[in-house]
**Q** 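Supplied in structure tokens, the structure appears directly below.
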Amino acid sequence: IIGRGKIDEDFFEGLEELLITADVGVHSASRIISGLREDVKKNKLKEPKDVEQYLKSEILKIIKSLQPSAFSLQPKSNPFVIMVIGVNGSGKTTTIGKLASRYMKEGKKVLLAAGDTFRAAAIEQLEIWGKRSGCTVIKHQSGADPSAVIYDAVQSAKAREYDILIADTAGRLHTKVNLMEEMKKIKRIMGRELQGAPHEILMVLDATTGQNAVSQARLFNEAVGITGIALTKLDGTAKGGVVINIIDELKIPVKLIGVGEGVDDLREFEPEAFVEALFD
Amino acid sequence: NLTNKLETIFKKLRGYGKLNEDNIKDALREVRIALLEADVNLNVVKEFIEKIKVRAVGQEVMSSLTPGQQVVKIVNEELTTMLGGTNSSIALVSKPPTIIMMVGLQGSGKTTTSAKLARRLLKEGQLPLLVAADVYRPAAIEQLNILGKELAIPVFNGNGTNNPVDICKRSLAEASEKGCRSIVIDTAGRLHIDEELMQELKNIKSEIKPHEILFVADAMTGQDAVNVAKTFNEHIGIDGIVLTKMDGDARGGAALSIRSVTGKPIKFIGIGEKLDQFESFYPDRVASRILG
Ligand SMILES: Nc1nc2c(ncn2[C@@H]2O[C@H](COP(=O)(O)OP(=O)(O)OP(=O)(O)O)[C@@H](O)[C@H]2O)c(=O)[nH]1
Ligand SMILES: Nc1nc2c(ncn2[C@@H]2O[C@H](COP(=O)(O)OP(=O)(O)OP(=O)(O)O)[C@@H](O)[C@H]2O)c(=O)[nH]1
Ligand SMILES: [Mg+2]
Ligand SMILES: [Mg+2]
């Protein structure tokens, strides 16, 4: 786009298309680019690469409209309870494995709760991650009530003075009312057994997801309140641009990103790197 | 919705006489927006708009009392045509077993779909053998074995090897021993840009020559669907597509993107986590869903 040299209608269209193909969404992209057109006039920008820089800074502004502290996951009380939710296959269990390992390396005492009692081999999958990170996993038999597992896990975390409890839950589509109710119940049990819990409710979102991500975030947020998003599979070619809208409209920060299937493939969300990658 | 927006536009155009490419621009822009909101890939949308432009300025719209509705009808028809016919058959070979390989990105629903397909094949009298060729994901083999047990369908785990190519090779003898008429291979999720893992698929393909390679894709996939499907198709060639998680509220524009860029038929859709939640693909239903 920049090689064209001229700031004309084609140039602005090219930028709008770049945003659309990054999953920013047709309406958000159009709003951002019309704002850009105004600013280019107002600031009398002449060079295409200056316009691109300006666009990057405008998107960065949207992301940073939330407090910088919002973007970090800081365990602030003991035990610090993290509830992990999201639609099927987004990367919840894997992200928990990575997070557990990170905290263990920081010298924290981490407990995991196998809250997915539904899907085939979900408990076994989390147990393997538990072994890899050296964490205990609280589990019941497959088919048990997830709230019962969570109840036990919270009691265990308190009694044995764990620093962090991370609860895995079954994947669920936000449109399934009974599953959303089950999730609300899990949250209620946590709060009832430990004041303030869950301290962090992390929604795991697959970066390849399109505009449906907004509907996911909205409904999960309405149900239990999301304190942060873990954006996974950014090691692919999808840009995850839909989070710009989620940050802007729902005021929910992205806290973590997944960049692979290995235990160390977890990073803090870095707004600048994210925006740069949109334009790669 | 789209019909209302188009009716408003055509009301304004009434006084301008003959409809042409120029004044129909706003109407086409609304169609473009609807498709992009539905996650249809941008380039696929552009091609689509070019296709319907000709019909949109034709007699059927101009002489209609409700031109807005007429345009929606045209869009629906063209979408349905582009999505392809209902072809949910796996081409069964005259000399069994029919070998089917499931491929796709991480978490798209391959393992669950492998079991669903095996269940369907069993019902059709094509006793399947499920093959657990995902040796990477923690408990992937257990996952497939639990599903196989639930369906009373045999699962082959490689008989001692944990090399996916060898597992697949050995599954042929296993199928023959067990009298299976079909083989469904569950492979590990992988990125289309992972050279090594894409090579693994090529190796499996050249060793056992599957009769059908099904690309399993998540219905909520966004613009990237085109890159992924194109790359999988270029590397190993896909024969059909399965769209999973259609029980959600994703508009499913990825269906059009994938179909358009690969030219391959969408054969099945997954409509739930249970093994009987598996259906044939109906283009007209998906077309109206994409239009929203
Ligand atoms: N490439 C890549 N793959 C990932 C990433 N995170 C998770 N995965 C893969 O995505 C697939 C699904 O991950 P899971 O952790 O099982 O997802 P989940 O949300 O727990 O799935 P359900 O419990 O079935 O809803 C697995 O193959 C993971 O290895 C990531 O950041 N990058
Ligand atoms: N709601 C719904 N969930 C589905 C559907 N198909 C699969 N799932 C769920 O999606 C998640 C991922 O399914 P898997 O079969 O493990 O996906 P996969 O492609 O084998 O994952 P990897 O092996 O890690 O690449 C699980 O929670 C499944 O139960 C579907 O059609 N509808
Ligand atoms: Mg899981
Ligand atoms: Mg699998």
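All chains are named by letter (A, B, ...) in the order of the sequence lines, taking the proteins before the strands, and each is independently numbered beginning at 1. Quick caveat, the model's predicted, so the values are computed rather than measured.
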**Q** How about the chain A/chain B donor-acceptor pairs under 3.5 Å, what are they, with distances?
**A**
| unit_1 | atom_1 | unit_2 | atom_2 | d |
| --- | --- | --- | --- | --- |
| A:Glu17 | OE1 | B:Lys46 | NZ | 2.9 |
| A:Glu17 | OE2 | B:Lys46 | NZ | 2.9 |
| A:Asp23 | OD1 | B:Gln223 | N | 2.9 |
| A:His27 | NE2 | B:Glu37 | OE2 | 2.4 |
| A:Asn88 | O | B:Lys245 | NZ | 2.9 |
| A:Asn88 | ND2 | B:Glu273 | OE1 | 3.1 |
| A:Asn88 | ND2 | B:Glu273 | OE2 | 3.1 |
| A:Gln125 | OE1 | B:Arg137 | NH2 | 3.4 |
| A:His174 | NE2 | B:Asp249 | OD1 | 2.8 |
| A:Lys176 | NZ | B:Asp247 | OD2 | 2.4 |
| A:Thr208 | O | B:Gly222 | N | 2.8 |
| A:Gly210 | N | B:Met220 | O | 2.8 |
| A:Gln211 | N | B:Asp39 | OD1 | 2.9 |
| A:Gln211 | N | B:Asp39 | OD2 | 3.2 |
| A:Asn212 | ND2 | B:Asp249 | OD1 | 2.7 |
| A:Ser215 | OG | B:Asp249 | OD2 | 3.0 |
| A:Lys233 | NZ | B:Gln106 | O | 3.1 |
| A:Thr237 | OG1 | B:His192 | NE2 | 2.9 |
| A:Thr237 | OG1 | B:Asp224 | OD1 | 2.8 |
| A:Thr237 | OG1 | B:Asp224 | OD2 | 2.8 |
| A:Ala238 | N | B:Asp224 | OD2 | 3.3 |
| A:Glu261 | OE2 | B:Gln106 | NE2 | 2.8 |

**Q** Between chain A and each of B:Pro138, B:Gly189, B:Gly248, B:Ala38, count heavy-atom pairs under 4.5 Å; write down the option with the most.
**A**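 Most pairs with chain A among the choices: B:Pro138.
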
**Q** Using non-hydrogen atoms and a 4.5 Å limit, figure out which bit of B:Leu105 sits close to chain A: side chain, backbone, both or neither.
**A**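 Contact with chain A: side chain only.
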
**Q** Work out which heavy atom in A:Ile128 is nearest to a heavy atom in B:Ala139; give both atom names and the distance.
**A**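 A:Ile128 and B:Ala139 have their closest heavy atoms at CD1-N, 3.6 Å.
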
**Q** Considering only heavy atoms, which portion of A:Val87 lies under 4.5 Å from any heavy atom of chain B: side chain, backbone, both, or neither?
**A**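 Side chain of A:Val87 only, per the 4.5 Å heavy-atom cut-off to chain B.
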
**Q** Which atoms of B:Ile33 come close to chain A, meaning under 4.5 Å heavy atom to heavy atom: side chain ones, backbone ones, both, or neither?
**A**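 Both backbone and side chain of B:Ile33 come within 4.5 Å of chain A.
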
